[in-house]
Asker: 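Here's a structure for you.
Order of the sequence lines sets the chain letters (A, B, ...), proteins ahead of strands, with each chain counted from 1. Just the heavy atoms: all of them, side chains too, but no hydrogens, waters or symmetry mates, feed the values below.
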Amino acid sequence: MSSSTLSRPAVNAVSAPAVRKNKKVRPATMEPRWLKITLLLLAIGFLTIFLLVPLVAVFTEALKKGWALYLEAIIDADALSAMKLTLIAAGIAVPLNLIFGVAASWAIAKFEFRGKSVLLTLIDLPFSVSPVISGLMYVLLFGAQGWFGDWLREHDIKILFAVPGIVLATIFVTFPFVARELIPLMQAQGSEEEEAALVLGASGWQTFWHVTLPNIKWGLLYGVILCNARAMGEFGAVSVVSGHIRGQTNTMPLQVEILYNEYNFVAAFAVASLLTLLALLTLALKSIVEWRTNENRLQAIAELPEQIA
Amino acid sequence: MAFEKPQQSTRRRVIPGFQLSLGITLLYLGLIVLIPLSAVFANTFSMSWEHFWETVSSDRVLASYRLTFGASFLAALINVFFGGIVAWVLVRYSFPGKRLIDALVDLPFALPTAVAGITLATLYAPNGWLGSLLQPLGIKVAFTPLGVLVALTFIGLPFVVRTVQPVLEEVEKELEEAALSLGANHWQTFGRVIFPTILPALLTGFALAFARATGEYGSVIFIAGNMPMVSEITPLFMITKLEQYDYAGATAIAVVMLILSFIMLLTINALQAWTRSRQTQGRTR
């Protein structure tokens, strides 16, 4: 996936000639014109039906009855409290997964130890678990019949059908995002720069803040953007643990579901349009980070001959 | 990468923070992932084997497996075909709006599944933009198994594109030119030079899309109609069990799904290792 573009070493022997050649026209390896046009039409047709039409439909449906009703749906008290809860959940889940991601990639990229590949697989695990099962796990742990159910009741602590449960489910489904962006990036960068800093007398934390962090900042940002998008948009896992209490345990995606099921389509799509704007913002930021990383790479390649000379 | 080997023996002594970083990693992994997941497995041990087997092989569950895995398989196939073409077009051709389209491919990753669900359901409903076009042809999408297929195709769309794209970028022009100048035609060059190079990536993309689709919930439930035996997916059936407070039943089905996803995860890891070895082989050649 896109992580491989980030993880590739900055100076790549293979892509250097390829970059120079892109400027020339290569008729020999080009397909016949009719084939090229057919492929283009197929690709664009497929993407139009599956991506563009739904995207336009969200906003059309939201504004079907005009801006007044749209705004009314957004400043509705339940909608606002759903927004607040979504921000809280993401605001806790993203920083925690960020700290974990940095710690995990430091341990995995800078050191050799046994069981590393098992650890890597375990970190990826939440991606392959169905959202419904992610929620179910916490029901089994904290529900009335769950492992900690009696203890929680005695101490009057509510996790399930309350904010803590929603936060936990959100953390679980967004668990791997930062780590899986950073691990390949830090592995590709090696530890020569850190070693140099340490030999010159920097402390471990100084090395991390002044050497490692500037090197991984784009990858970090990339992971945080993806993590945040999923944290704010998660539906299945949160739906199982939330209990759907209006104004209290409804996140924005759950609010969308409730409104839709009540046939309040304009309001449902109004809230959905906010989530769609968030998705578009995510894509825009993601593309900017990708272009930035690519430019850095091309620049490094362009500067290469001078350095050698 | 080979030149990094000799340094690994000294690395342990120079760089600090091994215990701290690994400690945080293992603690967090244990609390967030391992303990909750083991709760699912531990809970099934309280069931008798007969009860477990009865639950996971009832007619209604079997029908939901067939729909979930069948539709996921078809959706992943559709994505291999169109995703392969999209990757090809994005890597090989230049056309106006290419950057925009490239960025838009990730929309299914970024768009919350509930939003995708209600939008697809509205579009393909008999009075929706796409549903009203298909209605005269006698094709019903919303509230049928076909709707499940549409939703799963949508959420699996980026996987094949994003795994094939980087591999296609690295296909060496020299090899293609050599094949062409030695007298191979375009189809032969594609079949013998390009296709073998991108095959591991295509399979990885297929497996990723398939694995994601089997667990999908949010984007499917709105468009599926959720009729038992007909258009009810397995994740929804688990929810139904939970809502009836049949925790044991829901857990039993969850265990079956978890084991299947672990098998898929291992397959995907093996496929990705294969893709990487193909790529590095290409580089060193």
Asker: Measure L157(B) against the heavy atoms of chain A and call it side chain, backbone, both or neither at under 4.5 Å.
Answerer: side chain
Asker: Heavy-atom pairs under 4.5 Å with chain B - which of T282(A), V102(A), V139(A) has more of them than the others?
Answerer: V139(A)
Asker: Most heavy-atom pairs under 4.5 angstrom with chain A, which of N269(B), L37(B), L120(B)?
Answerer: L37(B)
Asker: Against chain A, label N79(B) side chain, backbone, both or neither, depending on which of its atoms sit under 4.5 Å from a heavy atom there.
Answerer: side chain
Asker: Count the heavy-atom pairs under 4.5 Å between each of A57(A), G135(A), G204(A) and chain B, then report the option with the highest count.
Answerer: A57(A)
Asker: Given a strict heavy-atom distance threshold of 4.5 Å, which part of V53(A) is in contact with chain B: side chain, backbone, both, or neither?
Answerer: both
Asker: Do you know which two heavy atoms are closest between Y260(A) and A121(B), and how far apart they sit?
Answerer: OH-CB, 3.4 Å
Asker: How far apart are the closest heavy atoms of P112(B) and L275(A), and which atoms are they?
Answerer: CG-CB, 3.8 Å
Asker: What residue in L100(B), L27(B), L111(B), T214(B) has the most heavy-atom pairs under 4.5 Å with chain A?
Answerer: L111(B)
Asker: Go through the atoms of T60(A) and report whether side chain, backbone, both or neither lie under 4.5 Å from a heavy atom of chain B.
Answerer: side chain
Asker: Once rounded to the nearest 0.5 Å, what's the spacing between atom CG of L40(A) and atom OH of Y93(B)?
Answerer: 6.5 Å
Asker: Quick one: does NZ or CZ of K110(A) land under 6.0 Å from the six-membered ring centre of F18(B), within 45 degrees of the ring axis?
Answerer: no
Asker: Side chain, backbone, both or neither: which part of S219(B) has an atom under 4.5 Å from a heavy atom of chain A?
Answerer: neither
Asker: Under 4.5 Å from any heavy atom of chain A, what part of V164(B) do you find: side chain, backbone, both or neither?
Answerer: neither
Asker: Using a 4.5 angstrom heavy-atom cutoff, name the option from L258(B), I268(B), T113(B), I24(B) with the most pairs to chain A.
Answerer: L258(B)
Asker: Is it the side chain or the backbone of P131(A) that comes within 4.5 Å of chain B heavy atoms, both, or neither?
Answerer: both
Asker: Sort I221(B) into side chain, backbone, both or neither according to what part of it lies under 4.5 angstrom from a heavy atom of chain A.
Answerer: side chain
Asker: Select one option (side chain, backbone, both, neither) describing which atoms of F41(B) are under 4.5 Å from chain A's heavy atoms.
Answerer: neither
Asker: In terms of heavy-atom proximity below 4.5 Å to chain B, should F172(A) be classed as side chain, backbone, both, or neither?
Answerer: both
Asker: Do you know the tightest heavy-atom contact between A272(A) and I118(B)?
Answerer: CB-CD1, 4.0 Å
Asker: Given the options F127(A), F208(A), Y138(A), which has more heavy-atom pairs under 4.5 Å with chain B than any of the others?
Answerer: Y138(A)
Asker: With a 4.5 angstrom heavy-atom cut-off, could you sort out which part of L242(B) is near chain A: side chain, backbone, both or neither?
Answerer: side chain
Asker: Evaluate T121(A) against F262(B) for side-chain contact (heavy atoms from CB on, under 4.5 Å), listing each step before the verdict.
Answerer: CA-CA 10 Å; T121(A) 309; F262(B) 292 160; over 6 Å; no
Asker: For A42(B) versus W147(A), what's the shortest heavy-atom pair and its separation?
Answerer: CB-CZ2, 3.4 Å
Asker: Out of T276(A), L125(A), V129(A), which one racks up the most heavy-atom pairs below 4.5 Å with chain B?
Answerer: L125(A)
Asker: When heavy-atom pairs shorter than 4.5 Å are enumerated against chain A, which of T153(B), D102(B), L20(B) gives the highest number?
Answerer: T153(B)
Asker: By a 4.5 Å heavy-atom criterion (distance strictly below it), what part of A103(B) contacts chain A: side chain, backbone, both, or neither?
Answerer: both
Asker: Of the listed residues (I133(A), L136(A), I99(A)), which shares the most heavy-atom pairs with chain B below a 4.5 Å separation?
Answerer: I133(A)
Asker: Chain A heavy atoms under 4.5 Å from L26(B): which part of the residue, side chain, backbone, both or neither?
Answerer: side chain
Asker: Let me know if F50(A) has heavy atoms under 4.5 Å from chain B in its side chain, its backbone, both or neither.
Answerer: both
Asker: Which region of I32(B), side chain (C-beta onward) or backbone (N, CA, C, O), has a non-hydrogen atom less than 4.5 Å from a non-hydrogen atom of chain A, or is it both or neither?
Answerer: both
Asker: Is L119(A) close to chain B through its backbone or its side chain, or both, or neither, when contacts mean heavy atoms under 4.5 Å?
Answerer: side chain
Asker: Look at L96(A), L120(A), N261(A), L35(A) and state which one has the largest set of heavy-atom pairs under 4.5 Å with chain B.
Answerer: L96(A)
Asker: Given a strict heavy-atom distance threshold of 4.5 Å, which part of I225(A) is in contact with chain B: side chain, backbone, both, or neither?
Answerer: neither
Asker: Give me the ring orientation class for F82(B) and F46(A): parallel if the planes are under 30° apart, tilted from 30 to 60°, perpendicular past 60°.
Answerer: parallel
Asker: Please state whether the side chain, the backbone, both or neither of L34(B) comes within less than 4.5 Å of a heavy atom of chain A.
Answerer: side chain
Asker: Can you name the nearest heavy-atom pair linking L280(A) to L107(B), along with the distance?
Answerer: CD2-CD1, 4.3 Å
Asker: Counting only non-hydrogen atoms closer than 4.5 Å, does E257(A) touch chain B with its backbone (N, CA, C, O), its side chain (CB onward), both, or neither?
Answerer: both
Asker: Report which part of F190(B) has an atom under 4.5 Å of a heavy atom belonging to chain A: side chain, backbone, both, or neither.
Answerer: neither
Asker: So what's closer than 4.5 Å to chain B heavy atoms on L47(A): side chain, backbone, both or neither?
Answerer: side chain
Asker: Any chance you could measure I123(A), atom CD1, to L29(B), atom CG, to the nearest 0.5 Å?
Answerer: 6.5 Å
Asker: Heavy-atom cut-off 4.5 Å, strictly under: side chain, backbone, both or neither for V33(B) against chain A?
Answerer: both
Asker: So, do M264(B) and S128(A) sit near enough that their side-chain heavy atoms are less than 4.5 Å apart?
Answerer: no
Asker: At a heavy-atom separation under 4.5 Å, does L265(B) approach chain A through its side chain, its backbone, both, or neither?
Answerer: side chain
Asker: Looking only at heavy atoms, what is the nearest atom pair of A103(A) and T25(B), with distance?
Answerer: C-OG1, 3.6 Å
